[in-house]
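What you see is a predicted model; the values in this text were computed from it and never measured. Residue numbers begin at 1 in each chain, while the letters A, B, ... track the order of the sequences.
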Amino acid sequence: MLKIATWNVNSIRKRIDQLCSFVTEDEIDIIMLQEIKCTNEQFPYEQIEQLGYKCIVHGEKARNGVAILSKYPVIEDSLSTSIVDNEEARYLECLIECNGFNLRVASVYVPNGQSIDSEAFKYKLHFFDCLYQRLHDLFGKEEITIVGGDYNVAPNKIDVHDDYANEDKIGFNIDERGKLFAILHSGYCDAFRITNPESKEFSWWDYREGSWQQNKGMRIDHILLSPEATDRLEKCYINNKMRAKENPSDHAPVVCVLEESINYSLK
DNA sequence: ATGGTGGCTGGGCCA
């Protein structure tokens, strides 16, 4: 069994103790992190390595920043840390060797987009185009590809609270949903939705307006799987206990469980 | 209610 998680921590330095208890209690093998909000130098390597994880970090000062932590050996790192032609730390990819087969793992932090009529929204759509291109290029390269992250898009009505299922709302506009659908159509699977077809669950709740208390959230954090990974998918869950803690991230971790005792080679 | 809270910082910007 292989447990793989994604979590937007909203500052790794603020959340380091919660991260350590989460990966220990949920027995996480690999985790993709977003919004670490620190430089590579500021990253708390020591505390995480003590738990047996290798750290691959692509940070920047004060904002954004992605990382991948793995209990299994990382055989290639710093792959394609820039899928968009700018300096923002929003994408990181590596290759992990796991009991004789390779996993290509990516951590992605899609721009929020601010509002539908903003320049930031155009950038969000452009980022999605670049992400699509990268994931399209990866398709079939390794059998097992896992792309976890904060996509800042809820795929369908069931993924947002009732007040929010509106074209004007950022994260639910048809153009950005279309970009996510295009990635799914290219062959990747939404691990949570395929294992929980009817569940109205969220992965993010605004800090403001009592959103958590009223359960007014959105499911915007996703684990996308290549077909050979999807075949091995046992379950996927959102650990919203992490959102209920004191000083939480505004996001909850998403976890998928893969069966690993399978010959992954198609040849 | 054009607000609200939280994290970067060290005054706003971003989410």
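Applying the side-chain hydrogen bond (donor to acceptor under 3.5 Å, both in side chains) rule to pairs touching residues 47-59 of chain A yields Asp17(A)-Gln47(A), sequence neighbours excluded. Annotation: salt bridge (charged side-chain N to carboxylate O under 4.0 Å, His left out) contacts involving residues 109-120 of chain A, sequence neighbours excluded, comprise Glu119(A)-Lys122(A).
Ranked by how close their nearest DNA chain B nucleotide is to the 5' end, Ala120(A) and Lys61(A) are led by Lys61(A). Heavy-atom nearest nucleotides on DNA chain B were determined for Gly113(A) and for Pro248(A), and the one closer to the 5' end corresponds to Pro248(A).
With sequence neighbours excluded, the residues forming a ring-ring contact (aromatic ring centres under 6.0 Å, His included) with Tyr188(A) are Phe139(A), listed by chain and number. Considering only residues two or more places apart in sequence or on other chains, Glu87(A) meets the side-chain contact (heavy atoms from CB on, under 4.5 Å) condition with none of them. In this structure, the side-chain contact (heavy atoms from CB on, under 4.5 Å) partners of Asn86(A), at least two apart in sequence or on a different chain, are Val84(A), Glu88(A), Tyr123(A). Under the rule for a salt bridge (charged side-chain N to carboxylate O under 4.0 Å, His left out), the partners of Glu93(A) that lie at least two apart in sequence or sit in another chain are Arg104(A), Arg134(A).
Atom CD in Glu246(A) sits roughly 14 Å away from atom C1' in dG6(B) (whole-Å rounding). Across the protein-nucleic acid pair, Ile220(A) atom CD1 and dA15(B) atom P stand 12 Å apart, rounded to whole Å. Atom CG in Asn8(A) sits about 11 Å away from atom P in dA15(B), given to the nearest Å. The nearest whole Å value for the distance from the CG atom in Asn247(A) to the P atom in dC8(B) is 11 Å.
Checked for salt-bridge contact, Arg193(A) and Asp159(A) meet the test: a charged N lies under 4.0 Å from a carboxylate O. Lys179(A) has a carboxylate O that lies under 4.0 Å from a charged side-chain N of Asp129(A), or vice versa, which qualifies the two as a salt bridge.
Neither OP1 nor OP2 of dG7(B) sits under 4.0 Å from any side-chain N or O of Arg13(A).
Using atom C1' as the reference point in both dA15(B) and dG3(B), the two lie 16 Å apart (nearest Å).
Listed in residue order, the members of residues 205-214 of chain A having a heavy atom less than 4.0 Å from DNA chain B are Tyr207(A), Arg208(A), Glu209(A).
Residues Phe202(A), Trp205(A) make up the rest of the hydrophobic cluster containing Trp212(A), defined by ILVMFWY side-chain heavy atoms closer than 4.5 Å, directly or through other members.
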Protein-nucleic acid N or O pairs under 3.5 Å, nucleotides 12-14 of chain B:
none

